[in-house]
Amino acid sequence: MDQTGQKRENWGSRFGFIMAAAGSAVGLGNIWRFPYLTGMNGGSAFILIYLFFVFVICLSVMIAEFTVGRNSGKAAVGAYKSKSRNWTFAGVIGVLSGFLIMGFYPVVGGWALAYVVKSFTGLLAAPEAIGDSFGAFIGNPVEPLIWMALFLAMNIFIVSRGVAKGIETAGKILMPMLFVILLLIAARGLTLEGASKGVEFLFKPDFSVVTGQTFLAALGQAFFSLSLGMGCMITYGSYLNKSENLAQNAAIVTVMDTSAALLAGLAMFPAMFAFGFEPAAGPGLVFVVVPSIFAQMGALGPILSAFFFVALVVAALTSSVSLLEVVVAYLMDERSWTRKKAVYISSAIMVAMCIMASLSLGVMSGVTFLGVGAFDFFDILTDKIFLAIGGLLLAVFTGWFVDKEVLRQELTNGGTVSFALFEVWHGLIKYVIPVVIAVIAVTGIMSISQKGLMIFGLAVIAVLALVSKKL
Ligand code: PFF
């Protein structure tokens, strides 16, 4: 029971939980960001470093988030607060990150939605104009906003229906669909002549291109992709049944997320190489290079392209649902708001942020704050500062401030399931992970070229640390 006397919501089934958590993890991060980061950071060497971070650091962090969430039965802020009010700020940083990511994520979700329709309405007919038309589209003051609103409406609908009926049902239908579509498109790409060069680019490591930046990009991407560092998996873990095996579920979600990213790479790079496109195309990769590839595939092109963008919408939707849920769960747990009130009020703020983010790529491109437009402001603050600090705080909290026996009991369900690697996991969370994240996060934060923004982000954290005790 919570303060309002309502029973806390729970996942309906194990499969449902896994689909929802994987739905959160698999998102724009996998299909939009992972391929372009891979392309820009030299391909396979980046992938190897990324995989190392995912399985050595992030899997342990996910186990910690699930454990802290289920043990406290509370979403991000409540979970920290139940130990000590001094820690409230760590949860608040998470909720704030949720807000900030929701300030640009639905904008890209809206683009994907638009491209489902555009696949059939002549986009592919003029391949040479695809790049310009993307630039014109995202800079248009009205069109992307309409698509963004549509995307957010779906999001709001799902989250307002609640954990089991909304989020879980969406995950159970959409996630399998996403994997099938990606497999289909990868199969088509891999059977093109010249595709093997793309496979080589993905899997044959070339360490000469690795720099300090490669590590930063890989760690940031690993956290973002697995939805870690902002209490999302704490929140999802808090709805989890006491009989579930936490470590095993975390491993399944991590493997699914990684497979989706690699599959997205396989869906894109082989075809890209076969048709002679540049891999390092930046954020426009998915919206420019991918339609250009499909434009070369004749009658099948528009259908495959539409399928691809449906996959992107699906991935984005199940993730933005989880981002909204982090904020909503906080308002329900800590402010005793009803679900509907929490959903409507927080999304109203998100709509305003998304409008600014979308316009910052066009008519408002001249309006900057601390050197960047709204879209980059939300993205850089979360990607480079808040998620890494959030992950660091979570590791320190779990390793040093939660009793080891409590963790052991929670992870083994009171001794009824075995977790042979408990000691290894605990050692990693307590000693290794905080140091690794700290080194990489500090280097990453120092490398932000907009110094004003960097100081602003750190100041926000400091202020939150001072005032959050009262929340
Ligand atoms: N993991 C999502 C993606 O890869 O697109 C993004 C995300 C969702 C980040 C939820 C953080 C989060 F809490």
Side-chain angles (χ1 to χ4, degrees), residues 19-38 50 53-54 58-59 61-62 65-66 69 75-77 79 90-109 111-112 151 155 158-159 167 170-171 174-175 178 182 217-238 250 253-254 256-265 283 286 311-330 346 350 378-379 381-391 394:
M19 289 302 121
S24 166
V26 178
L28 293 173
N30 302 61
I31 309 181
W32 172 60
R33 229 157 164 244
F34 177 79
Y36 85 70
L37 284 177
T38 303
Y50 172 79
F53 284 147
V54 164
C58 290
L59 175 56
V61 173
M62 189 182 292
E65 288 211 12
F66 283 164
V77 175
V92 175
I93 294 175
V95 174
L96 184 65
S97 305
F99 254 113
L100 291 172
I101 299 179
M102 280 304 277
F104 70 93
Y105 207 90
V107 175
V108 184
W111 297 348
F151 180 85
N155 201 338
I158 295 173
V159 180
I167 302 176
L174 297 177
M175 283 313 288
L178 169 72
L182 284 180
L219 186 74
Q221 172 63 11
F223 263 86
F224 185 84
S225 188
L226 288 162
S227 305
L228 298 173
M230 52 161 281
C232 179
M233 292 305 180
I234 298 183
T235 307
Y236 273 25
S238 76
V253 173
T254 305
M256 281 181 71
D257 186 69
T258 311
S259 324
L262 294 177
L263 212 50
V286 158
L312 194 58
V313 172
V314 163
L317 193 60
T318 47
S319 298
S320 61
V321 155
S322 73
L323 287 157
L324 180 55
E325 179 65 16
V326 169
V327 178
V328 167
Y330 158 71
S346 50
M350 288 162 188
F378 301 145
D379 185 16
L381 270 187
T382 45
D383 179 42
K384 295 240 161 45
I385 306 182
F386 289 178
L387 292 190
I389 302 251
L394 176 92

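Keep in mind the model is a prediction, meaning the values are calculated, not measured. All ligand and atom numbering here is 1-based and tracks the order in the structure. Numbering starts at 1 and runs along the sequence shown.
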pair Y236-I167: side-chain heavy atoms closer than 4.5 Å | yes

What pairs with F151 under ring-ring contact (aromatic ring centres under 6.0 Å, His included), at least two apart in sequence or on another chain?
-> none

Report the relative orientation of the aromatic rings in F34 and Y50; use parallel for angles under 30°, tilted for 30 to 60°, perpendicular for over 60°.
-> tilted

Show me the donor-acceptor pairs, under 3.5 Å and distance only, between side chains in residues 22-31 and residues at least two apart or in other chains.
from	atom 1	to	atom 2	distance (Å)
S24	OG	S227	OG	2.8
S24	OG	S322	OG	2.9
N30	OD1	G27	N	2.9
N30	OD1	S225	OG	3.4
N30	ND2	D257	O	2.9
N30	ND2	D257	OD1	2.9

With rounding to the nearest 0.5 Å, note down the distance linking CE in M19 to OG1 in T318.
-> 11.0 Å

Within the 4.0 Å heavy-atom cut-off around ligand 1, the contacting residues, ordered by chain and number, are S24, A25, G27, L28, G29, N30, Y105, F224, S225, S227, M230, C232, S319, S322, L323

Applying salt bridge (Lys or Arg N to Asp or Glu O under 4.0 Å) to E325 and not counting sequence neighbours gives R339

